[in-house]
*Asks:* 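Below is one structure. I have some questions about it.
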Amino acid sequence: MIDIRMLRDEPDRVRASQRARGEDETLVDLVLTADARHRTALSDFERLRAEQKAFGKRVAKASGEDKQVLLDQVKETAAHVKELERMASDAASERDGALRRIGNVVIDGVPAGGEDDYVVLEEHGAPRDFAAEGFEPRDHLELGTLLGAIDMGRGAKVSGSRFYYLVGVGARLEFALMRMALERAYEAGFQQLAVPTLVTPETMAGAGFLDAHADEVYRLEADDLYLTGTSEVALAGFHAGEILDLSEGPKRYTALSTCYRREAGSHGKDTRGVIRVHQFQKVEMFAYVRVEDAPAEHARMLQLEREMLDAMEVPYRIIDTAAGDLGGPAARKYDCEAWVPTQGRHRELTSTSNCTTFQARRLGTRERDPLGSGTRAVATLNGTLATTRWVVALLENHQQADGSVLVPQALRPYVGEDVLRPVAAV
RNA sequence: GGAGGCGUCGCCUAGUCUGGUCUAUGGCGCCCGCCUGCUAAGCGGGUUUGGGGCUACAACCCCAUCGAGGGUUCAAAUCCCUCCGCCUCCGCCA
């Protein structure tokens with residue numbers, strides 16, 4: 001949720017942001033008119049309520065006939081107060097309804113437009129020339145099958161399409177990535193949390209995942225709980241409703257969790273292998289910082305992602321995601337995309353978002369205002385440090401003609417192997 | 001799953017039976033000031049959060065806030081209902 005005071009003071013800024021996102025800018029006026037109505041109604045209610053309270057005191061002191069007279073007088077007021085209160089709260093929910101539909105105000109410099117309007121900021125490494133090396137690259141599933149590392153058939157047997165088993169070196173490779181990511185996060189000052197992956201509707205909505213992506217989310221009807229698509233949800237909820245002390249610096253957390261996604265809108269897309277699946281593992285970074293420190297923290301997260309990807313020794317690029325592709329809570333988002341040889345294109349491996357105060361405002365995460373009295377919303381940021389999908393980039397980019405795969409140096413201590421070799425079927 | 005108890009402004013706590021004198025008591029902690037060789041003690045004051053009015057986003061005034069949401073009433077921390085969380089005991093269980 002954006003700051004209503006900012007919307008009142010600078011409505012044009014919000015309109016411009018909505019325009020950049022390709023979203024409805026008339027919501028701004030909807031909020032403004034409902035807000036005006038709310039404030040008028042609230043004043044009316046408060047005035048009469050004060051009157052009613054004062055009257056109540058006289059009633060308490062009176063007795064006998066006097067009391068009866070006063071009671072008759074104030075009865076009407078009571079009904080009127082209730083009416084005014086209802087009007088005020090109706091206007092407030094109308095205002096909040098519109099306000100909640102407005103995405104975070106995009107940071108200056110973010111490219112306008114949709115999915116394809118991203119700007120490439122950096123490119124690292126060069127794709128291998130398999131033709132020059134004299135062999136046709138196998139895709140990650142073919143390699144995973146040869147290595148006995150990925151078993152889609154049994155995944156489908158047990159759970160349906162888009163489920164899989166990682167077997168032997170496959171499972172070890174994934175786990176190695178997670179361990180390495182957690183260790184690096186720890187060294188960078190992130191406290192590790194083991195988090196819930198089932199959360200309440202309030203938490204899910206607070207983190208911003210029930211708006212545009214509601215149909216992407218698994219819901220447990222019987223218990224009214226949601227399965228999280230990222231540990232970001234639980235990490236964002238961790239300090240919900242709390243007043244934090246950030247005077248000693250940011251609060252940084254990291255978590256490994258299983259992530260669940262319905263992939264409802266992507267039938268027929270990425271159906272091979274583990275590129276797009278219903279369940280995967282992910283190590284996430286999350287930080288609560290002062291709003292002034294958010295851009296620096298964002299850069300820091302991106303740097304940690306860069307270092308992880310460098311260690312994977314795969315070609316990748318970094319993009320500045322366009323406004324329309326940010327999602328509601330983010331004000332800026334950088335994706336790191338690795339080169340996937342058999343697809344001839346880059347695929348997202350990490351994503352780091354600066355949500356400024358948007359998420360925190362919904363979740364009620366605040367700090368003592370260092371500038372004045374009272375409290376103010378903190379900023380939240382998140383970023384990926386490893387996911388199951390990284391296996392795709394590792395297998396394809398490090399494959400050899402005989403179907404074996406070289407493990408990048410940095411990962412070897414965690415995998416316990418230098419080379420993954422084809423095995424007989426299990 | 002069953003039975004019972006509890007949830008008050010950072011922490012502890014009074015108030016709930018018997019609705020109005022609650023503008024929520026007291027202690028601890030914390031902040032400001034006084035006093036004082038220093039420190040401690042002592043003394044005085046302040047200390048939930050959100051919103052609105054007015055404004056310098058100050059002071060001040062008002063409304064809401066006693067786990068959450070409804071209800072009864074002229075009036076609710078207090079009475080009623082629903083939900084959530086914690087604790088104790090029993091049962092069941094990978």
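Note on naming: letters A, B, ... go to the chains in the order of the sequence lines (proteins, then strands), and numbering restarts at 1 for each one.
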*Asks:* Quick one: ring-ring contact (aromatic ring centres under 6.0 Å, His included) partners of A:Phe286, sequence neighbours excluded?
*Replies:* A:Tyr288

*Asks:* Can you check nucleotides 68-74 of chain B for protein contacts, nitrogen or oxygen pairs under 3.5 Å, and list what you find?
*Replies:*
| unit_1 | atom_1 | unit_2 | atom_2 | d |
| --- | --- | --- | --- | --- |
| B:rC74 | OP1 | A:Lys75 | NZ | 3.1 |

*Asks:* Which pairs count as side-chain hydrogen bond (donor to acceptor under 3.5 Å, both in side chains) when at least one residue sits in residues 160-175 of chain A, sequence neighbours excluded?
*Replies:* A:Glu174-A:Thr388

*Asks:* Roughly, in whole Å, what's the span from CD in A:Glu242 to P in B:rU49?
*Replies:* 15 Å

*Asks:* Donor-acceptor pair, distance only, cut-off 3.5 Å: does the side chain of A:Asp223 make one with the backbone of A:Leu225?
*Replies:* no

*Asks:* What does the list of N/O pairs under 3.5 Å between the protein and nucleotides 77-84 of chain B look like, with a distance for each?
*Replies:*
none

*Asks:* Is there a Watson-Crick or G-U wobble partner for B:rC60 with both distances under 3.5 Å, and if so, which one is it?
*Replies:* B:rG53

*Asks:* What nitrogen or oxygen pairs link the protein and nucleotides 53-57 of chain B at under 3.5 Å?
*Replies:*
| unit_1 | atom_1 | unit_2 | atom_2 | d |
| --- | --- | --- | --- | --- |
| B:rG53 | OP1 | A:Arg39 | NH1 | 3.3 |

*Asks:* Can you tell me, in whole Å, how much space there is between the C1' of B:rG15 and that of B:rG27?
*Replies:* 16 Å

*Asks:* I'd like to check the salt bridge (Lys or Arg N to Asp or Glu O under 4.0 Å) partners of A:Glu183; sequence neighbours left out, ordered by chain and number.
*Replies:* none

*Asks:* What distance, rounded to whole Å, do you find between the two P atoms, one in B:rC6 and one in B:rC61?
*Replies:* 38 Å

*Asks:* Determine the sole option in A:Glu187, A:Glu297, A:Glu284 for which the salt bridge (Lys or Arg N to Asp or Glu O under 4.0 Å) test with A:Arg252 is passed.
*Replies:* A:Glu297

*Asks:* If each of A:Ile243 and A:Ile4 is mapped to the nucleotide of RNA chain B with the nearest heavy atom, which maps nearer the 5' terminus, i.e. the 5' end?
*Replies:* A:Ile243

*Asks:* Can you name the side-chain hydrogen bond (donor to acceptor under 3.5 Å, both in side chains) partners of A:Glu221, sequence neighbours left out?
*Replies:* A:Arg219

*Asks:* Under 3.5 Å for both donor-acceptor distances, Watson-Crick or wobble: does B:rC38 have a partner, and if so which one?
*Replies:* none

*Asks:* Whom does B:rG44 pair with, Watson-Crick or G-U wobble, provided both distances fall under 3.5 Å?
*Replies:* B:rC32

*Asks:* Taking the P atom of each, how far is B:rC30 from B:rC11, in whole Å?
*Replies:* 16 Å

*Asks:* Using the rule given for ring-ring contact (aromatic ring centres under 6.0 Å, His included), can you reason through A:His38 versus A:Phe45, listing the C-alpha separation, both sets of side-chain angles and the distance that settles it, and then say yes or no?
*Replies:* CA-CA 10 Å; A:His38 169 249; A:Phe45 158 70; over 10 Å; no

*Asks:* Could you tell me if A:His80 and A:Glu83 have a donor-acceptor pair between their side chains, going purely by distance under 3.5 Å?
*Replies:* no

*Asks:* Could you work out the separation of B:rU16 and B:rA24 based on their C1' atoms and round it to a whole Å?
*Replies:* 12 Å

*Asks:* Does a donor on one side chain and an acceptor on the other come within less than 3.5 Å for A:Glu46 and A:Ser43?
*Replies:* no

*Asks:* Could you identify the nucleotide paired to B:rA77, looking across every strand shown and requiring Watson-Crick or G-U wobble geometry with both distances under 3.5 Å?
*Replies:* none

*Asks:* Rounded to whole angstrom units, what separation is found between the CG atom of A:Asp224 and the C1' atom of B:rG85?
*Replies:* 16 Å

*Asks:* Rounding to an integer number of angstrom, what distance separates B:rA59 and B:rG7 when you compare their C1' atoms?
*Replies:* 37 Å

*Asks:* Would you please confirm or rule out a distance under 4.0 Å between OP1 or OP2 of B:rG50 and any side-chain N or O of A:Arg366?
*Replies:* yes

*Asks:* Got a sec, which residues hit side-chain contact (heavy atoms from CB on, under 4.5 Å) with A:Ser247, two or more places apart in sequence or on another chain?
*Replies:* A:Asp245, A:Arg290

*Asks:* Who passes side-chain contact (heavy atoms from CB on, under 4.5 Å) against A:Leu210, sequence neighbours left out?
*Replies:* A:Met204, A:Ala205, A:Tyr226

*Asks:* Partner lookup for B:rU72, please. Criteria are Watson-Crick or G-U wobble with both distances under 3.5 angstrom; report none if nothing qualifies.
*Replies:* none

*Asks:* Counting N and O atoms only, with roles assigned by atom type, does the side chain of A:Trp390 sit under 3.5 Å from a partner on the main chain of A:Leu349, one being a donor and the other an acceptor?
*Replies:* yes

*Asks:* Using the C1' atom as the reference point in each nucleotide, state the distance between B:rC89 and B:rG29 in Å, no decimals.
*Replies:* 36 Å

*Asks:* Where do N or O atoms of nucleotides 62-65 of chain B meet protein N or O atoms at under 3.5 Å, pair by pair?
*Replies:*
| unit_1 | atom_1 | unit_2 | atom_2 | d |
| --- | --- | --- | --- | --- |
| B:rA64 | OP1 | A:Arg49 | NE | 2.4 |
| B:rA64 | OP1 | A:Arg49 | NH2 | 2.9 |
| B:rA64 | OP2 | A:Lys53 | NZ | 2.8 |

*Asks:* P atom, B:rU88 versus B:rA94: distance in rounded Å?
*Replies:* 23 Å

*Asks:* Which residue in the set A:Thr197, A:Thr203, A:Val195 passes side-chain contact (heavy atoms from CB on, under 4.5 Å) when paired with A:Val199?
*Replies:* A:Thr203

*Asks:* Is B:rC92 paired to anything, Watson-Crick or G-U wobble with both distances less than 3.5 Å, and if yes, which nucleotide?
*Replies:* none

*Asks:* What's the gap between B:rU49 and B:rG10 when it is taken at their C1' atoms, as a whole Å value?
*Replies:* 13 Å

*Asks:* Could I get the full list of side-chain contact (heavy atoms from CB on, under 4.5 Å) partners for A:Pro295, not counting sequence neighbours?
*Replies:* none

*Asks:* Find the distance A:Asp223:CG to B:rG85:P and express it as a whole number of Å.
*Replies:* 11 Å

*Asks:* Describe the nucleic acid contact of A:Arg86 in one word from base, sugar-phosphate, nothing, applying a heavy-atom distance below 4.0 Å.
*Replies:* nothing

*Asks:* Mind checking what makes side-chain contact (heavy atoms from CB on, under 4.5 Å) contact with A:Leu227, not counting sequence neighbours?
*Replies:* A:Leu198, A:Tyr218, A:Tyr260

